[in-house]
Amino acid sequence: MDRIRIVGGRPLNGTIPISGAKNATLPLMIASLLTEQTLILDNVPRLADVVQLQRILGNHGVDVMMSGKRSGDDEYKGQTMHLSAARIVDTTAPYELVSKMRASFWVIAPLVARMGEARVSMPGGCAIGTRPVDLLIMALERLGAAIEIDGGYVVARARNGLRGGEIAFPKVTVSGTHVAVMAAALAAGTTVIENAAREPEVVDVAECLNKMGARISGAGSPRIVVEGVAKLSGARHSVVPDRIETGTYAMAVAMTGGELVLDGARPELLQAALDVLGRADVEVAPTNRGLRVARNGAGIRSVEVTTEPFPGFPTDLQAQLMALMSCARGTSRITETIFENRFMHVQELVRLGARIHLDGETATIEGVERLKGAPVMATDLRASVSLVIAALAAEGETMVNRVYHLDRGFERLEDKLARCGATIERVSS
Ligand code: EPZ
């Protein structure tokens with residue numbers, strides 16, 4: 001199992017190209033099931049989750065073709081993926097596939113909307129929380145689907161097709177919003193979604209669906225209206241840049257010192273996180289290529305942050321911020337409100353010398369002068385990258401184990417950091 005070896009203490013300087021967003025790519029690929037025609041996605045990141053979803057879509061009959069390299073393409077250019085669901089040959093998503101990646105449960109929406117039936121394995125447990133799918137099921141029921149739970153599978157039927165309706169989410173849910181929007185796009189009549197998620201990935205999916213002929217308005221606001229259409233067509237769409245990858249590298253250079261230009265980043269997609277970095281005395285400035293982030297000499301100021309749905313501070317940057325605050329001046333507090341078990345990184349950061357006290361959903365971090373390298377264990381995608389960030393600033397060597405978590409959501413992380421001066425390498429064992 002691969003590990004990553006890091007020797008800390010070197011500032012980061014240079015340019016890092018930001019990849020397409022994992023959390024937009026996955027629902028966009030799933031949206032290809034809504035049409036018989038070809039959906040072309042540009043700026044697709046090279047991630048384990050993307051490969052896994054290709055397998056899952058292939059099982060339903062989707063042909064996936066990747067364009068080859070073109071002359072002049074730089075090595076970090078995103079991929080172009082052609083997805084064709086001309087014929088859906090199987091409306092079952094088996095446990096063996098779904099259990100490997102939760103987001104694949106979302107195929108239930110386009111399958112029941114287009115085929116009138118879907119049989120999808122429940123995703124099962126997750127390291128960061130219970131993560132039920134009750135609100136996704138509620139949304140489909142509001143659109144007229146008959147739902148049955150059978151042997152660990154959710155069976156959804158709508159023999160006469162879905163029909164528009166009112167969906168009011170009791171809490172903000174990204175997956176619930178994706179499922180509601182995709183299903184409503186082919187439902188007869190109008191659907192109104194209240195308390196919808198406003199994440200940029202929801203906006204990106206709605207933009208792509210509208211290029212396919214859907215009639216969606218209000219994406220990015222709490223109230224989304226979808227006028228159902230009978231059929232959707234093919235389209236070409238470029239995946240939005242990854243705001244979580246952007247925020248991660250911004251926190252890395254804040255941790256190590258130095259200056260980075262994050263190429264292709266869109267600062268407005270993570271303004272809350274950039275505001276927090278500003279409060280922590282980190283220099284952040286938009287540029288015509290993306291974002292410049294620097295910290296030269298000045299220490300890191302402690303902050304108080306609570307994670308919230310967009311446009312609040314993203315839970316997917318909580319662990320990275322905690323790593324940064326472990327070397328801040330004074331006491332920081334970070335409250336996690338989205339997932340009930342998203343502090344798996346705390347004890348690993350403590351192994352590196354951080355002083356963190358947990359009390360329910362709040363972590364109190366007493367800043368220390370310097371962390372010290374040690375062997376640590378990755379537990380989930382974002383927790384693992386917080387250990388990498390901490391190790392980049394720690395004294396001596398750190399070995400990060402179980403890095404397969406990282407490959408799920410960060411494209412060529414070691415390359416991108418090494419080209420900016422980090423001593424980091426993958427060790428295969
Ligand atoms: C998406 O997960 C992202 N995943 C997560 O990123 C991200 O942390 C999360 O949104 C919040 O921003 C992808 O896009 C693939 P939710 P999702 O539905 O959609 C509860 C990463 O690191 N809930 O907004 O599953 C749920 O348990 C991942 O890239 C219900 O109770 O999140 C959670 O507490 C991790 N019932 C809260 O709502 C439901 O039916 C928000 O979940 C659905 C959700």
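For ligands, and for the atoms within them, numbers begin at 1 and follow the listed sequence. Note that the numbering runs from 1 along the sequence shown for the chain.
Side-chain contact of Ser104 with Gln52: a donor-acceptor pair under 3.5 Å is absent, judged by distance alone. Checked by atom type, the side-chain pair Thr331/Glu366 shows a donor-acceptor distance below 3.5 Å. No side-chain donor-acceptor contact under 3.5 Å links Glu361 and Thr335. Side-chain contact check for Asp204 and His237: at least one donor-acceptor pair (N or O, by modelled atom type) lies under 3.5 Å. Side chains of Gln320 and Ser386: a donor-acceptor N/O pair is absent below 3.5 angstrom, by distance only. Residues Thr379 and His345 have side chains that never bring a donor and an acceptor to within less than 3.5 angstrom of each other. Side chain to side chain, Thr91 and Arg119 fail the donor-acceptor criterion of an N or O pair below 3.5 Å.
Listed by number with element, the atoms of ligand 1 under 4.0 angstrom from any heavy atom of Arg382 are 21 (C), 22 (O), 29 (O). Contact atoms of ligand 1 toward Lys22: 21 (C), 29 (O) (distance under 4.0 Å to a heavy atom of the residue). Close approach of ligand 1 to Arg131 is summarised as follows: ligand atoms under 4.0 Å from at least one heavy atom of the residue are 2 (O), 17 (P), 25 (O), 27 (O). Against a heavy-atom cut-off of under 4.0 Å, Arg342 is close to the following atoms of ligand 1: 8 (O), 22 (O), 35 (C). Less than 4.0 angstrom separates some heavy atom of Trp106 from each of these atoms of ligand 1: 13 (C), 14 (O), 15 (C), 19 (O).
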Could you check Leu381 against Val385 for side chain to side chain contact (heavy atoms under 4.5 Å, CB included), going step by step and ending with a plain yes or no?
-> CA-CA 7 Å; Leu381 170 59; Val385 84; over 6 Å; no

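Residue Thr130 places no N or O, backbone or side chain, under 3.5 Å from any N or O of ligand 1. Considering backbone and side-chain N/O atoms, Ile338 comes within less than 3.5 Å of an N/O atom of ligand 1. The N/O atoms of Asp316, backbone and side chain alike, include one that comes under 3.5 Å of an N/O atom in ligand 1. The shortest N or O to N or O distance between Thr315 and ligand 1 is not below 3.5 Å. Between Leu26 and ligand 1, a contact under 3.5 Å exists for no N or O pair. Residue Pro132 places at least one N or O, backbone or side chain, under 3.5 Å from an N or O of ligand 1.
The shortest separation from a heavy atom of Glu336 to ligand 1 is not under 4.0 Å, leaving the residue out of contact. Using a non-hydrogen distance threshold of 4.0 Å, Gly409 does not register as a contact of ligand 1.
Thr337 places a side-chain N or O within 3.5 Å of a backbone atom of Thr307 that can act as its donor or acceptor partner.
When non-hydrogen atoms are compared, ligand 1 lies under 4.0 Å from the backbone of Val174 as well as from its side chain.
Remark: minimum distance from atom 36 (N) of ligand 1 to any protein heavy atom is reached at Asp134 OD1, 2.7 Å. Scanning all protein heavy atoms for the shortest distance to atom 32 (O) of ligand 1 gives Phe339 CZ, 4.0 Å. Nearest to atom 19 (O) of ligand 1 among the protein's heavy atoms is Ser175 N, 2.9 Å. The protein heavy atom nearest to atom 4 (N) of ligand 1 is Asn23 ND2, 3.8 Å.
Counting heavy atoms of neighbouring residues, nucleotides and ligands inside a 6.0 Å radius, atom CZ of Arg292 exceeds 12 of them. By the neighbour-count criterion of 12 heavy atoms within 6.0 Å, atom CZ of Arg426 is densely surrounded, having more than that number from other residues, nucleotides or ligands.
Nearest-heavy-atom check against atom 40 (O) of ligand 1 across Leu135, Asp242, Thr337 picks out Leu135. The residue among Arg102, Lys171, Met138, Arg408 with a heavy atom at the shortest distance from atom 20 (C) of ligand 1 is Lys171.
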Output side-chain donor-acceptor pairs under 3.5 Å for residues 33-40, partner residues at least two apart or in another chain, one line each.
| from | atom 1 | to | atom 2 | distance (Å) |
| --- | --- | --- | --- | --- |
| Thr35 | OG1 | Gln37 | N | 3.0 |
| Thr35 | OG1 | Leu232 | O | 2.8 |
| Glu36 | OE1 | Lys231 | NZ | 3.4 |
| Glu36 | OE2 | Lys231 | NZ | 3.0 |
| Gln37 | OE1 | Gly234 | N | 2.8 |
| Thr38 | OG1 | Ser84 | OG | 2.7 |

